[in-house]
Amino acid sequence: MATEHPARKLPGVDQLLQQAEAAELIRIFGRTALTKSIRLVLDQWRNSNDLTVKAPSQTIILEQAAEHLGKHDVGLKRLINLTGTMIHTNLGRAALPETAIQAMLTVASNPTDLEYDLETGQRGDRDHHIESLITEITGAEAATVVNNNAAAVMLVLNTLAYGRQVPVSRGELVEIGGSFRVPEIMTQSGCSLVEVGSTNRTHSRDFKQAIGPDTAMLMKVHTSNYQIQGFTKSVPEEELARLATENGLPLMSDLGSGTLVDLRKYNLPYEPTVQEAVLSGAHIITFSGDKLLGGPQAGIIIGRKELIARIKANPMKRALRVDKVTLAALCEVLKLYRNPDQLSHALPTLKLLSRSPQDIEQMADILLPEFRQYLEKAQYQVNKIQLKSQIGSGSMPLDLLASWGLSISTEANKGADQKLRTLAEAFRRLPVPIIGRIHRGHLLFDLRTIFEPTEIRQQLSLLTI
Ligand SMILES: *Cc1c(COP(=O)(O)O)cnc(C)c1O
């Protein structure tokens with residue numbers, strides 16, 4: 001008797017869509033996407049040449065459709081960052097403290113007094129909620145907040161220097177990555193850059209010579225992602241601020257990372273603080289909310305009252321302003337800075353950066369046998385290894401933090417690199433992807449970010465290699 005092809009027994013799309021299991025999938029992915037995905041699965045069964053396979057049940061078809069939808073679902077995925085770079089721009093930078101997350105939830109799900117004055121019942125100012133907190137912590141006269149630090153820099157330049165000249169040291173014409181480069185930001189903001197000094201040495205007299213009738217302000221850029229070493233000279237901020245003031249000009253200082261605490265207190269390398277920049281006399285200072293500060297993506301602009309007022313009046317401010325969710329989170333993060341003694345527990349970024357190597361080594365000891373259990377049978381060697389974590393986001397690139405992790409290699413003579421890349425890919429394909437880095441024939445997992453082994457353990461059990 002001729003075997004009947006299983007395709008003949010396949011159910012129709014409409015019939016499948018009416019199943020109880022389909023209702024839930026429609027709720028999550030939508031009817032259109034589910035219909036498409038069911039068709040795809042049915043086609044696969046229909047095109048199968050294997051006549052011995054049994055026709056799939058409706059449940060199996062729907063499961064396969066769900067799996068396909070899950071794989072191709074849109075939206076941000078959470079993942080585990082074992083790259084060794086703590087404030088990783090591509091991985092979303094800072095994780096926020098619990099208080100910030102609660103505040104985000106509250107304002108996201110309810111109306112709020114974002115721009116409403118509860119006392120007068122009149123329209124309010126969204127910066128109002130945060131300005132006093134920022135000035136209290138930094139010592140600046142006034143403050144405003146925009147979408148990110150790149151926006152902060154553009155807004156300041158566009159407000160205070162549109163159509164005019166801004167001298168910057170040749171040693172500070174930085175590129176931050178992506179498309180943020182000082183010369184280009186300057187052009188896009190409508191200003192002309194006047195290069196001053198040389199790559200390694202810039203003197204006060206270089207700035208003096210550059211100042212003319214068209215000069216709008218002086219600018220200092222913190223070279224956060226590189227250092228010029230050797231025969232070098234840059235003009236200290238105090239001196240530059242004095243020179244600017246003498247010429248009736250403002251000095252803008254783009255700090256980039258902008259830490260609000262002296263990191264040496266937490267056994268971390270020194271990074272100029274925002275407070276120091278204020279004390280040095282800079283008239284306008286910009287810094288990121290989600291680099292060393294450990295908050296949500298934002299750009300913070302602080303400085304002299306009359307300058308901040310002009311910046312806030314620029315129509316571009318409206319285009320660059322932050323939303324209520326960001327504002328709520330930033331407020332809560334800033335409040336933590338009122339208690340510096342608690343900060344290394346309360347602020348996830350600082351907790352990561354100040355974690356002791358001994359503590360990380362313990363995690364490596366716990367996870368080593370687990371990784372071995374899953375990887376040795378596939379001919380991978382796993383070892384505990386001393387590593388150096390990077391702070392990331394261009395912060396202090398030369399200062400590395402002692403850390404521990406696991407190093408995976410393969411003995412395969414041929415195709416070792418490919419085998420390692422395949423393994424890295426398998427880790428990235430996990431339900432909660434685990435991201436490491438490949439370095440000189442080893443797949444490295446820096447465990448600084450792992451405080452508790454359960455989730456890694458679960459993911460390891462799901463690894464398919
Ligand atoms: C990071 C950085 C920026 C850009 O900040 P984002 O928050 O990434 O927009 C600008 N200037 C400096 C000096 C930086 O380090």
Side-chain angles (χ1 to χ4, degrees), residues 85-96 130 134 143-158 160-161 166 168-189 191 193 202 217-228 234 237 240 251-260 263 269-274 276-277 280 282 284-303 311 316-317 319-323 326-327 329-330 333-334 349 353 390-399:
T85 301
M86 296 305 116
I87 312 171
H88 199 305
T89 298
N90 304 143
L91 305 184
R93 292 194 186 163
L96 298 175
I130 207 159
I134 298 176
T144 184
V145 181
V146 288
N147 188 41
N148 53 32
N149 189 41
V153 174
M154 284 190 90
L155 182 61
V156 172
L157 287 168
N158 183 268
L160 303 180
V166 182
V168 184
S169 163
R170 288 199 167 90
E172 298 176 0
L173 299 175
V174 308
E175 173 179 313
I176 306 297
S179 55
F180 186 94
R181 286 166 145 188
V182 168
E184 278 143 43
I185 286 283
M186 200 72 92
T187 311
Q188 289 301 322
S189 311
C191 323
L193 167 69
T202 301
M217 62 180 204
L218 304 185
M219 183 177 182
K220 186 159 180 72
V221 185
H222 184 54
T223 55
S224 39
N225 57 0
Y226 66 96
Q227 272 175 22
I228 298 177
S234 65
E237 207 145 315
L240 217 48
L251 168 67
M252 167 188 188
S253 175
D254 174 22
L255 279 182
S257 289
T259 174
L260 294 173
L263 292 173
Y270 170 72
E271 169 84 6
T273 67
V274 175
E276 285 164 355
S280 75
I284 284 286
I285 298 156
T286 56
F287 54 99
S288 288
D290 56 346
K291 289 186 181 172
L292 284 172
L293 197 119
Q297 180 190 303
I300 302 172
I301 309 173
I302 60 172
I311 288 163
M316 250 173 83
K317 166 66 171 38
L320 302 174
R321 71 187 186 183
V322 288
D323 74 317
T326 300
L327 217 44
L330 188 57
V333 168
L334 286 169
T349 299
L353 297 181
Q390 280 201 4
I391 293 169
S393 268
S395 311
M396 305 183 274
L398 305 182
D399 297 300

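For ligands, and for the atoms within them, numbers begin at 1 and follow the listed sequence. As the structure is a prediction and not an experimental result, all values here were calculated from the model.
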**Message:** Going by salt bridge (Lys or Arg N to Asp or Glu O under 4.0 Å), name the residues that satisfy it together with Glu172, two or more places apart in sequence or in a different chain.
**Reply:** Lys220
**Sub-4.5 Å side-chain heavy-atom contact between Leu160 and Met252** = no
**Prompt:** Quick one: does ligand 1 sit under 4.0 Å from the side chain of Arg93, the backbone, both or neither, non-hydrogen atoms only?
**Reply:** side chain
**Message:** In this structure, does ligand 1 have an atom that sits under 4.0 Å from one of the heavy atoms of Lys291?
**Reply:** yes
**Message:** I need the atoms of ligand 1 closer than 4.0 Å to a non-hydrogen atom of Ser288, numbered in the order shown.
**Reply:** 5 (O), 6 (P), 7 (O)
**Fill in**
His222 heavy atoms within 4.0 Å reach ligand 1 at atoms 13 (C)
**Request:** List the steps and the verdict of side chain to side chain contact (heavy atoms under 4.5 Å, CB included) for Ile300 and Val274.
**Result:** CA-CA 11 Å; Ile300 302 172; Val274 175; over 6 Å; no
**Asked** Does the N or O separation between Ala150 and ligand 1 drop below 3.5 Å for any pair?
**Response** yes
**Request:** Give the numbers and elements of all ligand 1 atoms closer than 4.0 Å to a heavy atom of Phe180.
**Result:** 10 (C), 11 (N)
**Prompt:** Where the side chain of Gln297 meets the backbone of Asn147, is there a donor-acceptor pair that is under 3.5 Å apart?
**Reply:** yes
**Request:** Using a 4.5 Å cut-off on heavy atoms from C-beta on, say whether the side chain of Val174 contacts that of Asp254.
**Result:** no
**Close approach, Asp254 and ligand 1, non-hydrogen under 4.0 angstrom** = yes
**Asked** Sub-3.5 Å donor-acceptor pair from the side chain of Ser189 to the main-chain atoms of Cys191, do we have one?
**Response** no
